[in-house]
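Supplied in structure tokens, the structure appears directly below.
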Amino acid sequence: MSREVRVRFAPSPTGALHIGGVRTALYNYLFAKKMGGKFLLRIEDTDQTRFVPGAEEYIKESLEWLGIAPEESPWNPGDCGPYRQSERKPMYMQYALDLVEKGHAYYAFDTSEELEAMRERLTAARVVSPQYNSITRTQMKNSLTLSAEEVKARLESGDPYVIRVKIPRNEEVRLNDMIRGWVMVNTGTLDDKVLMKSDGMPTYHLANIVDDHLMGITHVIRGEEWLPSAPLHVLLYKYFGWESTMPQFAHLPLLLKPDGNGKLSKRDGDKLGFPVFPLNWTDPFSGEKASGFREQGYLADAFINFLAFLGWNPGDDRELFTLEDLVEAFSVERIGKSGTKFDIAKAKWYNEQYLRSKPTSELTGFLLADAKAEGLEVPADKAAAIVDLVKGRVTFPADLWKESKFMVSAPEKFDEGVAAKKWNADAVKLLGAYATALDTFEGTFDAVSAKSLLESTAETEGIKLGKVMQAVRLAVTGMGGGPDLMEVFAILGKEEVAKRIRFALSRLTVVA
RNA sequence: GGUCCGUUCGUCUAGGGGUUAGGACGUAUCCCUUUCACGGAUAAAACACGGGUUCGAUUCCCGUACGGACUACCA
């Protein structure tokens, strides 16, 4: 029997979705598509105290930007709704009660003070890890220690309570992780986790099992931080009697900070010199802003490609993969086991690759928009010529304009360092002659003719071009470096070049 | 501390009982270019350590070290 593959991405709407979450979503998406299955999204908002307005919309927009939108989600429900756990609230209690009836869970009435006191007592007694477990529960207030009458009375009087799972004292739990292989844990190290909170909401542990079961999830692909609680999840599947349809687990290696010191977290914001979020985000409570990859100028396909390679590789030397290519090549077996340090230099390289491979027509829009923001209009054909000339030297779309603004708006100042070094009598002489030659030039003014005219002018003036090229560049562009000068001349046109030369001649003086 | 997971160039990684341990990013140098960049070429750069097993281990096993995750009525 083989079921249709169904995987889910299950984020909490507690703020901006961070990049590790985005990668988890991507791997889920790739796996689903590769297997011809479905990718769905479930909002895990069982902790109402951590709800952040706007977070859900942020998640939606992020996935849509990247082209990995889920096929079923709160905003596009399938047959397994609702897709928000808060809206599924009425469903969970019956499952918790089922476990209580089967003897795999119990009511607990301990207050947080009592729990704290218990931990302190255990710590004082030098118990290595103070936890609510098969031993300590015998000294706490729960339906295992209290009489049936008292439990009933407390329940009826509305005493706050939680439902805890009853973890056996000494049992081996095995789980076959798709990435890590067999993992074995003794239940003696597990604690009686809370399943139902006193506010009537389930915890993650209960909710994710119930929901994954009800939603027909076949594979759980999530971060490695969940590995320690995976044995508990396996136990719950067993207690519910859902072993035969228990999903397969794949625990992804974590995304680490560049220095390898701990996992990349939301709190890292822009402090590391790069964004940790896909999109810009403003915290609705503090007003604190964090930048996103999209707004920094990363292209969605470049970002996807980069992210996919953080922990996965196709097994050959190929580096550039479209989303479709990734789907084709993806396999869980090729996901690495060890944590991955985040390297922004590689992300930039990917962005450059994608930017260069884009047709000019797709790029001119960026240039036009940036120019317009400064109140400058650029004719379409000129914009295209400019993009062709500079796209090989940019990392971000915004660099297109930064690299070419001088072609639209004539320089008013000249780089002083270059002027001091390269502005000399020969240059002045040549430039003057070239401007004059330009006035009477007939024919097509392109890079080739601009160059041969410059060369012939230099020859008649008896000047070596190599010695004055920097000065020529300075006069026309105001800078000492940039794209091929003769191409720039062609874009500018002979009148503009002559005009700029004369302006430079009027401003720059030769210092002996 | 305990439990679990991990460890190949600085980084992402391929590989796998016998290899000159391969690629990419980054770095350096050279070529191209009358600049810078692009592009091309080259170089430096790694199997954490100690024991086994074996004719032979970077690869398999066990320890050690180091790193990480988890250890809430958070997910």
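Numbers restart at 1 for each chain; the letters A, B, ... are given by sequence-line order, proteins then strands. What you see is a predicted model, and the numbers here were worked out from it, not measured in a lab.
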Calculate, to the nearest 0.5 Å, the distance between atoms CG and OG belonging to A/Leu367 and A/Ser404 respectively.
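Here the interatomic distance stands at 4.5 Å.
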For A/Asp484, report the nucleic acid contact type (base, sugar-phosphate, nothing); a contact means any heavy atom under 4.0 Å.
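Since a base atom lies under 4.0 Å of A/Asp484, the category is base.
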Suppose you measure atom P in B/rG68 against the same atom in B/rA75; what distance do you get, rounded to whole Å?
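Pairwise P distance, B/rG68 against B/rA75, rounds to 26 Å.
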At less than 3.5 Å, do the side-chain atoms of A/Thr340 and the base atoms of B/rC12 form a donor-acceptor pair?
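Per atom types, no contact qualifies.
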Can you pull out the residues from residues 461-477 of chain A that lie within a 4.0 Å heavy-atom distance of RNA chain B?
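RNA chain B contact set from residues 461-477 of chain A: A/Leu465, A/Gly466, A/Met469, A/Gln470, A/Arg473.
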Over 60° means perpendicular and under 30° means parallel, so classify the ring planes of A/Phe306 and A/Phe342, tilted if in between.
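Correct class here is perpendicular.
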Would you tabulate the pairs of protein nitrogen or oxygen atoms and nucleotide nitrogen or oxygen atoms of nucleotides 1-5 of chain B closer than 3.5 angstrom?
from: B/rC5; atom 1: O2'; to: A/Arg180; atom 2: NH1; distance (Å): 2.6
from: B/rC5; atom 1: O2'; to: A/Glu224; atom 2: OE2; distance (Å): 3.1

Base, sugar-phosphate, or nothing for A/Gly481, non-hydrogen atoms under 4.0 angstrom?
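Counting heavy atoms under 4.0 Å across all strands, the contact made by A/Gly481 includes a base.
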Which value, in whole Å, describes the distance between the C1' atoms of nucleotides B/rC70 and B/rU19?
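Straight-line distance between the two C1' atoms is 40 Å.
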Hey, could you give me each pair passing side-chain hydrogen bond (donor to acceptor under 3.5 Å, both in side chains) that has a residue in residues 333-348 of chain A? Not counting sequence neighbours.
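Of all non-adjacent pairs touching residues 333-348 of chain A, those that pass side-chain hydrogen bond (donor to acceptor under 3.5 Å, both in side chains) are A/Asn313-A/Arg334.
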Can you list, in residue-number order, the parts of residues 157-164 of chain A that come under 4.0 Å of RNA chain B, counting heavy atoms only?
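By residue number: A/Val162, A/Arg164.
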Which whole number of Å gives the distance between the P atom of B/rA24 and that of B/rG39?
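These two P atoms come out 12 Å apart once rounded.
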Identify each donor-acceptor pair in which a side-chain atom of residues 417-424 of chain A lies under 3.5 Å from a protein atom, sequence neighbours left out, and give them as a table.
from: A/Asn424; atom 1: OD1; to: A/Asp426; atom 2: N; distance (Å): 3.3
from: A/Asn424; atom 1: OD1; to: A/Ala427; atom 2: N; distance (Å): 2.8
from: A/Asn424; atom 1: ND2; to: A/Lys422; atom 2: O; distance (Å): 3.4

P atom, B/rG63 versus B/rC5: distance in rounded Å?
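One P to the other, the span is 12 Å.
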Give me the distance, rounded to whole Å, that separates B/rC60 from B/rG26 when you measure between the P atoms they each carry.
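Looking at atom P only, B/rC60 and B/rG26 are 32 Å apart.
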Please determine if A/Arg154 forms a cation-pi arrangement with A/Phe109, meaning its NZ or CZ atom is less than 6.0 Å from the six-membered ring centre and no more than 45° off the ring axis.
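Yes, cation above the ring, under 6.0 Å and within 45°.
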Identify all pairs in which a protein N or O lies below 3.5 Å from an N or O of nucleotides 21-25 of chain B, and state each distance.
from: B/rA24; atom 1: O4'; to: A/Glu319; atom 2: OE2; distance (Å): 2.8
from: B/rA24; atom 1: O2'; to: A/Glu319; atom 2: OE2; distance (Å): 3.4
from: B/rA24; atom 1: N3; to: A/Lys346; atom 2: NZ; distance (Å): 3.1
from: B/rC25; atom 1: OP1; to: A/Trp349; atom 2: NE1; distance (Å): 3.4

Pairwise P distance, B/rU64 and B/rG22 [rounded to whole Å]:
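So the two P atoms sit 33 Å from each other.
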Say we look at B/rA45 and B/rU13: how far apart would their C1' atoms be, to the nearest angstrom?
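Straight-line distance between the two C1' atoms is 15 Å.
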Checking A/Arg42 against A/Phe9: charged group under 6.0 Å from the ring centre and within 45 degrees of the axis?
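Verdict for A/Phe9: no cation-pi partner in A/Arg42.
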